[in-house]
Amino acid sequence: MLIQVLDVDYIMPNEKPVVRVFGKDKNGKVVCCFFEKLMPYFYVLGNNVENVVRGERNVARIEKVKRYLATEYRKDSIEVYKITLHNPAKTPELRDKLRNLGYEVFEADIPFKYRFMIDYDIRGMCWIDVENGNGIDTNTVYADKIVRANKIRSVDLDANAPLKYLAFDIECVSTKPGAVPNAKRDGIIMISIVFSEPFKGKKEMVLSTRYDASVEYFQSEEEMLREFVNILIEYDPDIITGYNVNNFDLPYVLERLRQNNIPALFGRCRDKYVVARKIANRYKINITGRIVVDSYELIKKDFSLKRYDLDFVCNALLGERKVPVRHSEIEKLWKGNSNDFKKLIRYSKMDSILALNLLFKLNLLDKYIALAKISGTLLQDILDSGETTRIENYLLREFSKKGYIIPCKPLERDVAKREAARKKELKGGYVLEPEKGLQESVIVLDFKSMYPSLIRTYNICPTTLLVSNEGIDCFQTPAKVRFVKPNIKEGIVPSILKTLMDERGKIKAEMKNEKDGAKLRELDAKQWALKIMANAFYGYFGYPRSRMYNLGIANSITSLGRETIKKTKALIEKEFGYKVVYGDTDSVMVRVDVQSLEEMKKIGDKLSSYISNMLPGIMELEFEKIFKRFLPLTKKRYAAWCFELKGDKWVDKIETKGIETVRRDWCDLVSETMMKIIEIILKEKNTTNAVEYFKNIVEKINKGEIPIQKFIITKTMTKTAESYDGIQPHAEVVKKIKKRNPAEAPGIGDRIAYVITKGTQMLSKRAEPPEYVVEHGLELDSQYYIENQLLPPLERIFSALNISKNELLGKGRQIQLLKFNNKNKKMVARIEDVEAFICKSCEKVYKIPPLNGTCECGGTIAFMTPKGSLDHVTLT
DNA sequence: GCTACTCGGGG
DNA sequence: GTGTACGAGTAGC
């Protein structure tokens, strides 16, 4: 029977571990597969381990085996002890005892379910073939089919079984006004549920402790919660979702179940309670056989937005809105008339619908399913944890396949040591000092998967790391670390990367011929996941909690990167005579002397094939895009008018890096003006127009011609208004609202919107709610908005063009000067002396000087005055 | 420019 | 559960 793996756990029925695999078959039937043949084990290096282990109750077996160590290159395997135990949960006891006696232990911290998955080649969301046999009593799980497996075989299958989704949302009212409800104290009043497949003929359901014809009505919270648990078991979803379910709804429900003495049993088994464990500051929730997906967390990972509240997110990504109800209104609606209550029902239902819509319409899960399949990690763990888990899972599989054993995770004190060393010793990528001023015709080239390619080219791996001084054929990196060449031994990490990169290449090729939208999305998710995986291996060597932490390896990779980029720059400048105007880690920006996109592409292709040929191994420089205009501010910060080839069409856009155009503490006016000015500079190549635009905005602000919405600043109130130490605008606003209209007062956690008005008091005291300003016809403090909001970010952009703050504000008008950079020479002239500008080579006349100070023909520009042209005018 | 701390979403 | 683990943005030096 074929099943797709959703979840794995184990139980101890007769003091022996039994693995349970929860999955679904092709028809969407729930299958649970029991497997009894695996016992926990780990490895020990050292002498006389038998003596230490003898008499330990948990030990089943001890044997000597041959393994390779995954720490450095060694020709031969070595002898280690493999200790097999009875009880996975008691493994740490023996592990720590051995450690304390000075033994080195390996793979002694692998969760048992993953030991099983690694040894039997079973991966999260992948398919397995199981055969029914006989075995233990399996009366512990809810499943359509139960299999006692004798044999489990992994199967290569791309399809996905149909999954059942359930989204829910709870409503509750705080007994403490203004505060977020507390589950220890405040009950749940309503639960809305949405089903992906109709349940009892319904797609939606609302449970409540107040009656309405449209809800399932309950006398008490306890009855409502019991029914909620029943629905979860009966509907039997694979995926449970909601907005912020991980950190609000689910922990809240679990606490209310506890308060009402209802067992939290709604997984696919009768023997494991649903638990929420707090790790760092978030909850990790385990529901046996099911997967919890928090739309909020996925959105935050996948999209860069100014805010992440459900209404903002849905509006921005789906064009859908919540039912507008403010938190402070919920209690009023709950206690209000029948229409009020109906509104609350709609509100609650809508929140569940939106949470599910986000998941479905944006296909949020595709990428994570692809990551699970590739790395072998369970989907739940892909969602709850980061890069490390995925990399380790992959490494453990590949290393153990080849007879290697892997170190345990480091102890906390070692992590601290590593963190300190890493900070001092790990060097990153190389960033070129950008050439100042607006550039024209810049080709962007970058190295295809630079770090993975370097790892492959130089055979970088713990298994090839050469420590001894024997005369073995090896590479030495600029970090002075050596790796044996592939003919001696091919590294495991390089071979993993080859697999990932080749596979990605195949998928990209497949995508070119694929017309079916759904299939295309799936392939795209897969190629994305392959890229993410390949790029994460480098980081793992420099990560202080890594099992394969090695600064020498990490530094080898970055040092080769720096060497490569420097070599590339030198070659391009020397062999082709083009100027490399900027570059960062794996990219170079090359200024050329042609205008047409096609010509530039040709040069780009020529450069990339030349460089790719000159560099060793699989290093490949690729033509990426064209910056028709390029304005660098500093390292890591620039704006560009970018042209990219999509199919056979050039698509243009304004690209900014490191220049924040949206920040939550800026009003919309700032973001919009910034974008507009960047666009004028880049597209019109005209600073005068950009300055004019700015002056025009200033004038409009002064005349009050810009709508107040553009001036609104928002800040979250994190504690009560009174408890702020300093005087802060948003806290002052809340104090004012409290005085004027106590019922409207926002509470902790609310976002406070305000504008700054004119007056003589200190700034914070002049903050007012926008509605109040409109009602009372107050005047905004235009000075503040110009000087403190608009100017700081714009100054940084204009200063890259040698335009000062005074010029922007028109203060330098008395002696208006013309300035521009002319091939490194700053030129200044009095404005009335200058009629136009002229190229000294081709004599082309400009009304406005080219921003980079160079004529199209490459010639130098000079001022043209009534007396003739002159290079330089000095003012006295 | 760096490092330390704070806060997110939810009602 | 043989695993203890965020990350961006801002304030403060």
Side-chain angles (χ1 to χ4, degrees), chain A residues 9-10 12 17 39-42 58 83 85 87-96 105-116 169-183 186-190 242-252 272 275 277-284 286 294-297 299-301 304 307-313 325-331 333-334 344 347-348 351 355 377 381 384-389 392-393 396 408-409 412 415 423 543 545 547 634 660 663-665 715-719 725-726 747-751:
Chain A
D9 77 346
Y10 78 98
M12 293 287 287
M39 304 278 271
Y41 64 87
F42 65 89
N58 192 20
I83 300 178
L85 307 102
N87 188 347
K90 288 185 178 159
T91 305
E93 256 174 53
L94 184 60
R95 174 191 70 199
D96 295 341
V105 290
F106 295 83
E107 303 189 10
D109 54 359
I110 317 287
F112 190 61
K113 64 180 177 192
Y114 277 113
R115 182 81 271 171
F116 164 75
D169 177 47
I170 63 167
E171 309 303 327
C172 35
V173 172
S174 181
T175 44
K176 223 167 118 188
V180 179
N182 181 332
D186 309 319
I188 297 174
I189 57 172
M190 189 181 282
Y243 204 73
N244 208 19
V245 269
N246 269 345
N247 284 290
F248 185 75
D249 300 74
L250 270 173
Y252 207 105
K272 280 190 182 171
V275 283
R277 288 176 304 141
K278 195 154 192 161
I279 287 161
N281 66 0
R282 61 214 298 235
Y283 288 99
K284 189 190 170 321
N286 198 9
D294 192 331
S295 336
Y296 159 68
E297 289 185 345
I299 294 284
K300 225 169 63 167
K301 272 194 248 177
S304 170
R307 282 161 41 201
Y308 292 94
D309 52 279
L310 183 58
D311 188 56
F312 187 89
V313 164
V325 173
R326 298 201 299 185
H327 292 142
S328 52
E329 284 179 81
I330 291 176
E331 188 174 5
L333 297 179
W334 172 245
L344 185 63
Y347 165 82
S348 182
D351 280 6
T377 313
D381 294 327
D384 289 343
S385 46
E387 230 157 48
T388 341
T389 315
E392 283 186 351
N393 235 300
L396 245 10
C408 293
K409 289 187 179 176
E412 215 43 47
V415 172
K423 206 157 53 186
Y543 174 57
R545 294 181 191 280
R547 296 170 189 272
T634 58
E660 293 158 294
R663 265 178 58 163
R664 46 203 298 166
D665 56 345
K715 258 197 176 136
T716 307
M717 198 171 63
T718 53
K719 42 190 175 180
D725 288 337
I748 295 167
D750 279 345
R751 286 194 79 78

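Convention: sequence-line order gives letters A, B, ...; per-chain numbering from 1.
- You'll find that the side chain of A/V180 is closest to B/dG10, out of C/dT2, B/dG9, B/dG10.
- Shortest non-hydrogen contact noted between A/P40 and A/N87 is CG-C, 4.0 Å.
- Using a 4.0 Å heavy-atom distance criterion, A/T389 is classed as a base contact.
- Within 4.0 Å (heavy atoms only), A/K284 reaches at least one base atom of the nucleic acid.
- Distances were taken from every side-chain heavy atom of A/Y296 (C-beta onward) to each of B/dG9, B/dG10, C/dT2; the shortest belongs to B/dG9.
- Distances were taken from every side-chain heavy atom of A/P111 (C-beta onward) to each of B/dG10, B/dT3, C/dT2; the shortest belongs to C/dT2.
- At whole-Å resolution of the value, CG in A/N286 and P in C/dA5 are 18 Å apart.
- When heavy atoms are screened at a 4.0 angstrom cut-off, A/I330 is found touching the sugar-phosphate backbone but no base atom.
- As a whole-Å value, the separation of A/L94 CG from C/dG1 P is 21 Å.
- Comparing C/dG3, B/dG9, C/dA5 by their closest approach to the side chain of A/N244 singles out B/dG9.
- Here A/Y347 lies in heavy-atom contact (under 4.0 Å) with sugar-phosphate atoms only.
- Using a 4.0 Å heavy-atom cutoff across all strands shown, A/L310 reaches sugar-phosphate atoms only and no base atom.
- Among the protein residues, A/Y252 comes within range of no part of the nucleic acid, since none of its heavy atoms lies under 4.0 Å from any strand.
- The distance between atom CG of A/D294 and atom P of B/dG8, rounded to the nearest whole Å, is 16 Å.
- Backbone-only engagement by A/D351 is indicated by non-hydrogen atom pairs under 4.0 Å involving sugar-phosphate atoms exclusively.
- Residue A/R282 has no polar side-chain atom (N or O) positioned under 4.0 Å from OP1 or OP2 of C/dT4.
- Among the heavy atoms of the strands lying under 4.0 Å from A/D309 are primed sugar atoms or P, OP1, OP2 only; no base atom is included.
- Taking 4.0 angstrom as the limit, A/K300 places none of its side-chain polar atoms (N or O) nearer than this to OP1 or OP2 of C/dG7.
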Query raised in the report: So A/V105 and A/I83, side-chain contact (heavy atoms from CB on, under 4.5 Å) or not? Walk me through it.
Result: CA-CA 10 Å; A/V105 290; A/I83 300 178; over 6 Å; no
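- With distances taken from any side-chain atom of A/K113 to the nucleotides B/dG10, B/dG9, C/dG3, the minimum falls on C/dG3.
- Across the protein-nucleic acid pair, A/N393 atom CG and C/dG3 atom C1' stand 11 Å apart, rounded to whole Å.
- If you check every strand for non-hydrogen atoms under 4.0 Å, A/D381 touches a base.
- Of the side-chain N and O atoms in A/Y10, one or more sit less than 4.0 angstrom from OP1 or OP2 of C/dT2.
- Using a cutoff of 4.0 Å between basic side-chain nitrogens and carboxylate oxygens, A/R95 and A/E107 are not scored as salt-bridged.
- Between the CZ atom of A/R115 and the P atom of C/dG1 there is a distance of 16 Å, rounded to whole Å.
- A distance of 11.5 Å separates OG1 of A/T388 from CG of A/N393, quoted to the nearest 0.5 Å.
- Screening A/Y308, A/Y296, A/F312 for a ring pair (Phe, Tyr, Trp, His ring centres under 6.0 Å) involving A/Y243 leaves a single residue, A/Y296.
- Counting to the nearest Å, the C1' atom of C/dC6 and the NZ atom of A/K278 are 13 Å from each other.
- Heavy atoms of A/F112 sit under 4.0 angstrom from at least one base atom.
- Computed from coordinates, the A/Y543 OH to C/dC6 C1' distance equals 10 Å when rounded to whole Å.
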Query raised in the report: When you look at A/L94 and A/N58, which way does the side-chain contact (heavy atoms from CB on, under 4.5 Å) test go after all the steps?
Result: CA-CA 8 Å; A/L94 184 60; A/N58 192 20; 5.9 Å; no
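- Distance A/N246 CG to C/dC6 P: 15 Å, rounded to the nearest Å.
- Within 4.0 Å (heavy atoms only), A/F106 reaches no atom of the nucleic acid at all.
- C/dG7 and B/dG9 have their C1' atoms separated by 14 Å, given to the nearest Å.
- Here A/D109 pairs with A/R547 in a salt bridge; the nearest charged N to carboxylate O distance falls below 4.0 Å.
- Using a 4.0 Å heavy-atom criterion, one finds that A/L85 contacts no nucleic acid atom at all.
- Side chain of A/Y243, nearest nucleotide from B/dG9, C/dT2, C/dA5: B/dG9.
- Evaluation of the salt bridge (charged side-chain N to carboxylate O under 4.0 Å, His left out) rule for A/R277 yields no partner, not counting sequence neighbours.
- OP1 or OP2 of C/dG1 has at least one side-chain nitrogen or oxygen of A/R277 nearer than 4.0 Å.
- Residue-level contact check: A/P181 touches the bases, meaning some heavy atom is under 4.0 Å from a base atom.
- C/dA5 and C/dG1 are spaced 14 Å apart, taking the P atom of each and rounding to whole Å.
- Residue A/R545 places at least one side-chain N or O closer than 4.0 Å to OP1 or OP2 of C/dA5.
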